[in-house]
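Heads up, the thing below is written out as structure tokens.
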Amino acid sequence: RKEVEQDPGPFNVPEGATVAFNCTYSNSASQSFFWYRQDCRKEPKLLMSVYSSGNEDGRFTAQLNRASQYISLLIRDSKLSDSATYLCVALEAAGNKLTFGGGTRVLVKP
Amino acid sequence: DVKVTQSSRYLVKRTGEKVFLECVQDMDHENMFWYRQDPGLGLRLIYFSYDVKMKEKGDIPEGYSVSREKKERFSLILESASTNQTSMYLCASNLVVSYGYTFGSGTRLTVV
């Protein structure tokens, strides 16, 4: 079983709609979590950190559920420019290693 | 903004060649990492370094080595390139891992 698992998608989303997707992690000792965004043939870029209480950054909301070991990302009022692959990332409790999920592809269509 | 620079965007090398991938960061970060990214497999950690002359194996170190002679530079070496090392290689750095990584723009390596 992969340490960090994501539905690869694609999630086809009408422009202006809301989309949400989850990521599950297997290591209950994972300390911190992040969402990265990766455009086609580009490097991943940090979208947001995920805090225990959940956090919001504009149209993006991240939630952490430690009991069920998943994190979620919700995008409101989707824009065409939100089309990308979203990578879920977990920080291991021991050491400084980040473990990446395989990514969820989101396609926002007019 | 932190800048992580990878020397080449695209490389084509022959099987058996020794290949050097260079990565430089400009923010005095302690930690540097090399990943490869392949379709269906995601990002996999090859090697990382927490300090000059220090290196640690990641999840898939076989066929690779690294060098960190200066804090700002972390080199990935393919001792004898093979076709299964055709991939996108991404370098990353950070000061404190809880802040996440900053990635370079990647090197797409093709071994023929």
> Linking I/L/V/M/F/W/Y whenever any side-chain heavy atoms sit under 4.5 Å apart, do B:Val52 and B:Phe74 land together?
Replying inline: no
> Would you find a donor on one side and an acceptor on the other, under 3.5 Å apart, between the side chain of A:Tyr36 and the backbone of B:Tyr101?
Replying inline: yes
>> Please report the interatomic distance CG(B:Leu90) to NZ(A:Lys42), rounded to the nearest 0.5 Å.
In response: 13.0 Å
> CG/A:Leu98 to CG/B:Asn94 distance, rounded to the nearest 0.5 angstrom?
Replying inline: 7.0 Å
> Hey, would you say the A:Phe100 and B:Tyr35 ring centroids sit under 6.0 Å apart?
Replying inline: yes
> Any link between B:Tyr50 and B:Val66 through a network of hydrophobic side chains (Ile, Leu, Val, Met, Phe, Trp, Tyr) touching at under 4.5 Å?
Replying inline: no
>> Tell me whether the count of non-hydrogen atoms from other residues, nucleotides or ligands lying under 6.0 Å of CZ in B:Arg68 goes above 12.
In response: yes
>> Please classify the contact between B:Glu56 and chain A as side chain, backbone, both or neither, with a heavy-atom cut-off of under 4.5 Å.
In response: neither
>> For the interface with chain A, which of B:Arg108, B:Met88, B:Arg44 has the highest count of heavy-atom pairs at distances below 4.5 Å?
In response: B:Arg108
> How close do A:Arg41 and B:Arg9 get, heavy atom to heavy atom, and via which atoms?
Replying inline: O-NH2, 3.2 Å
> In the single-linkage hydrophobic clustering (I, L, V, M, F, W, Y; side-chain heavy atoms under 4.5 Å), do A:Phe60 and A:Val19 co-cluster?
Replying inline: yes
>> If hydrophobic clusters are built by linking Ile, Leu, Val, Met, Phe, Trp and Tyr wherever their side-chain heavy atoms come under 4.5 Å apart, do B:Met32 and B:Trp34 end up in the same one?
In response: yes
> Say you draw a straight line from CD of A:Glu43 to CG of B:Leu43; how long is it, rounded to the nearest 0.5 Å?
Replying inline: 11.5 Å
>> Looking only at heavy atoms and a cut-off of under 4.5 Å, which of A:Pro44, A:Ser49, A:Gly101, A:Gly102 has the most pairs with chain B?
In response: A:Pro44
>> Same cluster or not: A:Trp35 versus A:Leu74, using hydrophobic residues (I, L, V, M, F, W, Y) connected whenever any side-chain heavy atoms lie under 4.5 Å apart?
In response: no
> Which distance, rounded to the nearest 0.5 Å, do you find between the OG1 of A:Thr99 and the CG of B:Leu45?
Replying inline: 8.5 Å
>> More than 12 heavy atoms of other residues, nucleotides or ligands under 6.0 Å from NZ of A:Lys45: yes or no?
In response: no
